[in-house]
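Notes follow the structure.
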Amino acid sequence: MLDSRKVLADLDAIKAAMARRRGDVDLDAISDLAGRRRDLIVSTEDARHRQKRMGQGLAKAAREGGDYAATLRAELKDLSEQVKEGASSLSQVEAELETLLLSLPNIPYEDVPDGAGPEENPEVSRWGEKPSFDFEPKAHWDLGPELGILDFERGARLAGARFTVLMDGGARLERALGAFMLDLAVGSGYREVATPLLVNRDSMTGTGQLPKFEDDAFKVEGQDLFLIPTAEVPLTNLHRGELIEETDLPFRYCASTACFRAEAGGYGTDTRGLIRQHQFQKVELVEIVRPEDSSEALLKLLDNACEVLRRLDLHYRVVELCTGDLGFAAARTFDIEVWLPGQNAYREISSCSDFSDYQARRMKMRYRPANGAKPRLVHTLNGSALALGRTLVAVLEQHQRPDGSVVVPEALRPYMGGRQVLEPVAGAGRETS
RNA sequence: GGAGAGAUGGCCGAGUGGACGAAGGCGCCUGACUCGAAAUCAGGUGUACCCUUUAGGGUACCGUGGGUUCGAAUCCCACUCUCUCCGCCA
């Protein structure tokens with residue numbers, strides 16, 4: 001959420017920022033409502049003030065007895081009606097204003113590159129080299145079943161499209177990746193957290209998933225609970241509503257959780273394989289920092305995420321999202337894209353964002369400066385390190401060999417019981433029946 | 001699921017209809033004392049919003065939402081959460 005006072009103070013600047021996002025928002029309605037809100041506050045507070053003073057007079061008059069008290073009581077009854085009316089229109093206007101403000105996306109930092117969409121995201125760095133194959137590299141949706149570790153058909157049988165069953169080396173590999181990433185994060189100073197996978201509406205609103213993107217989330221029928229689309233939601237909301245001591249900052253958390261996404265509107269894309277699932281595992285990093293620290297923190301967080309890929313010997317590049325591609329709540333985002341030879345493309349494997357004070361304002365998360373000054377909003381950041389499914393895909397596709405086997409990256413072997421290679425299973429790949 | 005108890009400021013804790021933003025204590029800040037510190041003494045110490053802005057004034061907030069009343073931390077209703085006991089259960 002944006003600071004309504006800043007929005008109103010400089011409507012044109014906000015309009016320009018929204019135009020940079022290629023978004024379309026109704027700011028005039030906001031300034032309109034804000035004006036009505038102010039008028040209502042002035043009139044109801046004045047009425048309430050008089051009501052308070054006269055009420056004290058009544059108490060005295062009542063003690064002394066006499067007709068005066070009765071007259072005063074009647075007068076006050078009218079005034080009371082006035083106050084109630086004013087208060088109810090005020091809360092209505094404030095609710096409308098709140099809804100509008102909650103639907104405004106964050107303002108990108110000024111130095112975020114301008115652009116209309118993904119194709120205009122500038123590449124900022126690249127690590128390693130595209131592996132070269134003297135054979136035709138396979139896609140993971142062929143490799144996985146041949147190795148007997150990915151079963152798309154049974155996934156569909158159990159739950160439907162976009163669900164997959166991992167077996168044997170696949171299940172083990174996913175577990176290994178999660179443990180490896182978590183250990184790496186903890187080693188970098190993140191505290192490991194196990195969170196609820198279901199969260200309430202306030203939590204989803206705090207990080208920005210609601211109210212605008214309710215269709216993207218899975219909701220528990222009959223209850224106001226949502227399956228988390230990412231551990232960003234529980235981790236960031238850990239401190240919702242708190243007044244934090246400056247000396248306690250920064251908070252740095254990591255968690256490995258399942259994530260659930262309805263993928264509404266994504267029907268045509270990535271229908272094959274593990275890339276786009278309704279349920280996937282992800283290791284998430286979340287940081288809560290002082291405002292002046294967030295830009296540097298983002299670079300470090302990004303590097304922490306990249307380190308995972310380097311340790312796994314996976315070629316990747318980093319792009320910065322241009323204004324037109326930036327997520328709703330983000331002020332700046334770097335995507336890490338891993339090379340997938342089976343698809344001859346770089347695909348997003350992590351998204352690291354600085355949300356400035358946008359989420360903090362939504363969830364009223366502030367800190368008290370050590371010098372005793374007024375509370376200030378914190379800045380929040382998060383990034384995946386990494387999405388386990390997509391990492392598994394990258395390992396299969398980048399480390400595959402001509403015979404269909406896959407080399408387990410060195411860093412993962414301790415987590416795989418020393419296993420060095422995943423071998424194809426005879427007759428596997430089409431035996432589902 | 002059944003029975004009961006509770007939710008008050010940074011923390012503990014008093015408060016059963018008007019002078020309560022809220023006693024008292026702790027913590028914290030400032031001053032005095034001290035070479036310095038501790039102890040002691042004195043004063044101060046919430047958040048948000050609105051008006052006016054050197055300064056100030058006002059309103060709201062006692063788990064959440066409703067209700068009664070001229071007036072609610074205080075009375076009524078619903079909900080949420082916490083604790084205790086019983087049942088059930090991974």
Side-chain angles (χ1 to χ4, degrees), chain A residues 1-9 30-102 194-206 210 219-220 222-226 234 237-249 251 258 288 357 360-378:
Chain A
M1 185 159 56
L2 303 179
D3 182 348
S4 64
R5 248 181 305 209
K6 276 195 191 130
V7 171
L8 297 169
I30 290 181
S31 79
D32 209 54
L33 277 170
R36 281 173 58 198
R37 170 176 176 270
R38 175 173 310 194
D39 293 344
L40 280 166
I41 285 175
V42 171
S43 62
T44 37
E45 284 195 351
D46 177 64
R48 214 175 334 228
H49 178 54
R50 280 184 291 141
Q51 181 189 29
K52 254 178 125 165
R53 272 207 332 254
M54 289 167 69
Q56 280 162 7
L58 172 60
K60 209 177 293 170
R63 274 197 299 273
E64 290 160 3
D67 297 342
Y68 180 54
T71 319
L72 202 51
R73 196 185 304 271
E75 237 173 90
L76 271 166
K77 185 139 184 132
D78 287 344
L79 192 52
S80 171
E81 284 308 310
Q82 253 183 64
V83 169
K84 269 179 195 155
E85 253 168 60
S88 100
S89 5
L90 178 61
S91 66
Q92 200 178 324
V93 165
E94 285 192 322
E96 279 175 49
L97 190 58
E98 170 101 347
T99 305
L100 288 185
L101 282 170
L102 283 175
T195 74
L197 302 180
L198 289 165
V199 295
N200 59 28
R201 180 170 292 272
D202 284 345
S203 297
M204 290 287 276
T205 304
L210 294 182
K219 187 172 186 305
V220 179
Q223 293 190 36
D224 220 17
L225 287 174
F226 301 83
N237 275 280
L238 240 25
H239 296 281
R240 167 154 51 83
E242 287 185 16
L243 184 53
I244 301 157
E245 292 301 329
E246 176 170 11
T247 47
D248 290 338
L249 292 175
F251 291 124
I288 296 168
D357 61 11
R361 185 170 295 105
R362 284 174 163 250
M363 55 183 113
K364 298 183 176 34
M365 186 156 65
R366 299 163 303 164
Y367 76 99
R368 162 98 57 201
N371 64 13
K374 284 196 160 281
R376 302 171 69 201
L377 292 167
V378 296

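Because only heavy atoms are used, hydrogens play no part in the values below, and waters and symmetry mates are left out as well, while side chains stay in. Naming: A, B, ... by sequence-line order, numbering from 1 per chain.
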| field | Step-by-step side-chain hydrogen bond (donor to acceptor under 3.5 Å, both in side chains) determination, A/Ser203 to A/Asn200 | value | CA-CA 6 Å; A/Ser203 297; A/Asn200 59 28; 3.0 Å; yes

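With P as the reference atom, B/U68 and B/C20 are 27 Å apart, rounded to whole Å. Rounded to whole Å, the C1' atom of B/G25 lies 15 Å from the corresponding atom of B/U45. Look at the P atom in both B/G58 and B/A19: the space between them is 15 Å, to the nearest Å. When the C1' atom is used for both B/G10 and B/C76, the distance is 33 Å, rounded to whole Å. Between B/U59 and B/A22, the two P atoms lie 13 Å apart (nearest whole Å). Remark: the separation of the P atoms in B/G18 and B/G65 is 24 Å, to the nearest Å. Nucleotides B/A23 and B/G13, compared at atom C1', are 10 Å apart to the nearest Å. A distance of about 32 Å separates the P atoms of B/U69 and B/C50, rounded to the whole Å.
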Could you list, one pair per line, each protein nitrogen or oxygen that sits under 3.5 Å from a nitrogen or oxygen of nucleotides 17-22 of chain B, together with the distance?
unit_1: B/G18; atom_1: N2; unit_2: A/Gly55; atom_2: O; d: 3.3
unit_1: B/A19; atom_1: N6; unit_2: A/Arg63; atom_2: NH2; d: 3.2

Between the protein and nucleotides 48-50 of chain B, are there any N/O to N/O pairs under 3.5 Å, and if so, what are the atom names and distances?
unit_1: B/A48; atom_1: OP2; unit_2: A/Lys374; atom_2: NZ; d: 3.4
unit_1: B/C49; atom_1: OP1; unit_2: A/Arg5; atom_2: NH2; d: 2.8
unit_1: B/C49; atom_1: O3'; unit_2: A/Arg37; atom_2: NH2; d: 3.2
unit_1: B/C49; atom_1: O2'; unit_2: A/Arg37; atom_2: NH2; d: 3.3
unit_1: B/C50; atom_1: OP1; unit_2: A/Arg37; atom_2: NH1; d: 3.4
unit_1: B/C50; atom_1: OP2; unit_2: A/Arg5; atom_2: NH1; d: 3.4

Mind listing the N/O atom pairs, protein and nucleotides 80-83 of chain B, below 3.5 Å?
none

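Ion pair A/Asp224/A/Lys219 flagged as a salt bridge, since at least one NZ, NE, NH1 or NH2 atom sits closer than 4.0 Å to an Asp/Glu carboxylate oxygen.
Within the model, atoms CG of A/Leu377 and CG of A/Asp3 stand 8.0 Å from one another, a figure rounded to the nearest 0.5 Å. Atom NZ of A/Lys364 is separated from atom CG of A/Leu243 by 13.5 Å, given to the nearest 0.5 angstrom. Rounded to the nearest 0.5 Å, atoms CG (A/Leu33) and OG1 (A/Thr99) are 9.5 Å apart.
Taking only side-chain nitrogens and oxygens, A/Thr44 never comes nearer than 4.0 Å to OP1 or OP2 of B/U59. For A/His49 and B/U59, the shortest distance from a side-chain N or O to OP1 or OP2 is below 4.0 Å.
The side chain to side chain donor-acceptor pair (under 3.5 Å) analysis of residues 71-83 of chain A, with sequence neighbours excluded, yields no pairs. A side chain to side chain donor-acceptor pair (under 3.5 Å) check over residues 32-41 of chain A, counting only residues at least two apart or in different chains, returns the pairs A/Arg37-A/Glu94.
Rounded to an integer number of Å, the gap from CD of A/Glu246 to C1' of B/G10 is 16 Å.
At a threshold of 4.0 angstrom between heavy atoms, the contacts of A/Glu245 with the nucleic acid are absent.
Side-chain contact check for A/Thr205 and A/Arg362: no donor-acceptor pair (N or O, by modelled atom type) lies under 3.5 Å.
Taking a pair as Watson-Crick or G-U with both hydrogen-bonding distances under 3.5 Å, the stems of three or more pairs touching RNA chain B are B:1-7 with B:80-86, B:10-12 with B:24-26, B:27-32 with B:40-45, B:46-51 with B:56-61, B:63-67 with B:75-79.
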